[in-house]
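Beneath this line is the structure, given in structure tokens, with notes to follow.
In what follows, residues are counted from 1 in the order of the sequence shown. Just so you know, these numbers come straight off a predicted model, no measurement behind them.
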Amino acid sequence: MAPPAIIAPSILSADFAELGKACSDTIAQGADWLHVDIMDGHFVPNITFGAPVVTKIRTHVQRPTTKHGRGTFDCHMMIAEPKKWVKDFQKAGCDLYCFHYEAAISSTAAESPEATSESKTNPKEMIRYIHDCGMLAGIAIKPDTKVDVLWDILDNPHLAERPDMVLVMTVHPGFGGQKFMASELPKVAELRKRYPDLNIEVDGGLGPGTIDQAADAGANVIVAGSAVFGAKNPGEIISKLREAVERRRGKL
Ligand SMILES: O=C(CO)[C@H](O)[C@H](O)COP(=O)(O)O
């Protein structure tokens with residue numbers, strides 16, 4: 001059976017002028033995690049914020065007391081050099097550092113003459129490094145990336161190099177409020193079939209109108225930005241998302 005539902009509102013859609021309050025309110029309204037979107041203007045055509053902001057919002061949300069527990073900061077690193085920022089985000093209070101497969105294998109990150117030893121990496125090494133730094137590790141794939149690239153990483157006999165979560169993007173990363181891409185769900189279904197216990201996160205265009213499809217495919221970690229922060233009653237939306245995942249698990 002799939003692991004329990006984890007609802008992770010994306011603070012990309014929160015009021016940035018009131019970010020600390022928005023984060024603590026969302027947890028009080030029933031969210032499990034906060035999905036923290038980090039964009040560098042290179043890997044994606046948008047910029048959000050960096051570790052200093054995460055340090056500040058951490059003071060508004062209690063650290064999780066268990067692995068994957070309430071208050072987990074799930075940092076989605078949409079950045080070209082994911083290795084470079086691991087330590088800064090760990091110090092800032094990130095609990096789960098989710099990097100993009102595409103960034104870890106790209107020539108910018110690994111092979112360019114400008115790349116320093118700080119920025120050179122590959123997915124397995126990244127996961128080990130994140131674990132060594134005391135965080136959970138996630139690996140994300142964009143819509144254009146085939147899910148097959150993950151088999152070698154997920155079947156790795158070295159536990160320290162295996163991710164704690166896979167994020168399947170259901171929009172092209174960069175902006176909130178985009179249309180959900182149902183075309184990405186076969187990736188989720190294939191992952192769930194192969195790895196019944198894996199935390200599988202979906203991100204982009206999730207809300208009451210699309211959650212059933214994602215839950216049916218087997219996703220259990222649900223990111224929702226505009227659907228939660230744009231709602232009159234965010235707590236009600238969080239409950240609806242959770243119910244859909246738990247119904248699929250046969251728990252309701
Ligand atoms: O990673 C993201 C964009 O790259 C966001 O987390 C995502 O798009 C959530 O926003 P929404 O729920 O409004 O689609």
Presence of salt bridge, [Y] and [X], under 4.0 angstrom:
X      : Y      : value
Glu102 : Lys142 : no
Lys187 : Glu184 : yes
Arg242 : Glu246 : no
Asp152 : Lys124 : yes

Exercise. Do Asp164 and His131 have side-chain atoms, one donor and one acceptor, less than 3.5 Å apart?
Worked result: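 Present: a donor and an acceptor within the cut-off.
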
Exercise. With a 3.5 Å cut-off and no angle check, do the side chains of Asp37 and His35 form a donor-acceptor pair?
Worked result: yes

Problem set entry | For the student: nearest non-hydrogen atoms of Pro143 and Pro173, plus distance |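 Smallest interatomic distance, heavy atoms only, reads CD-CD, 4.1 Å.
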
Exercise. Would a hydrophobic clustering, with Ile, Leu, Val, Met, Phe, Trp and Tyr connected at side-chain separations under 4.5 Å, put Ile38 with Val53?
Worked result: yes

Exercise. Are Leu150 and Met126 co-members of a hydrophobic cluster defined by side-chain heavy atoms under 4.5 Å apart?
Worked result: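 As far as the 4.5 Å side-chain criterion goes, Leu150 and Met126 are connected within one cluster.
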
Exercise. With side chains defined as the heavy atoms from C-beta onward, is the minimum distance between Cys98 and Met77 less than 4.5 Å?
Worked result: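 No. Closest side-chain heavy atoms not under 4.5 Å.
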
For this session: State whether the side chain of Arg162 and the backbone N or O of Asn156 hold a donor-acceptor pair below 3.5 Å, judged by distance alone.
Result: yes

Problem set entry | Test applied, salt bridge (Lys or Arg N to Asp or Glu O under 4.0 Å); reference residue, Asp95; option that passes from Arg58, Arg70, Lys67 |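 So, applying the salt bridge (Lys or Arg N to Asp or Glu O under 4.0 Å) to Asp95 and each of Arg58, Arg70, Lys67, only Arg58 qualifies.
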
For this session: Measure from the ring center of Phe73 to the ring center of Phe89 and say whether it is less than 6.0 Å.
Result: no

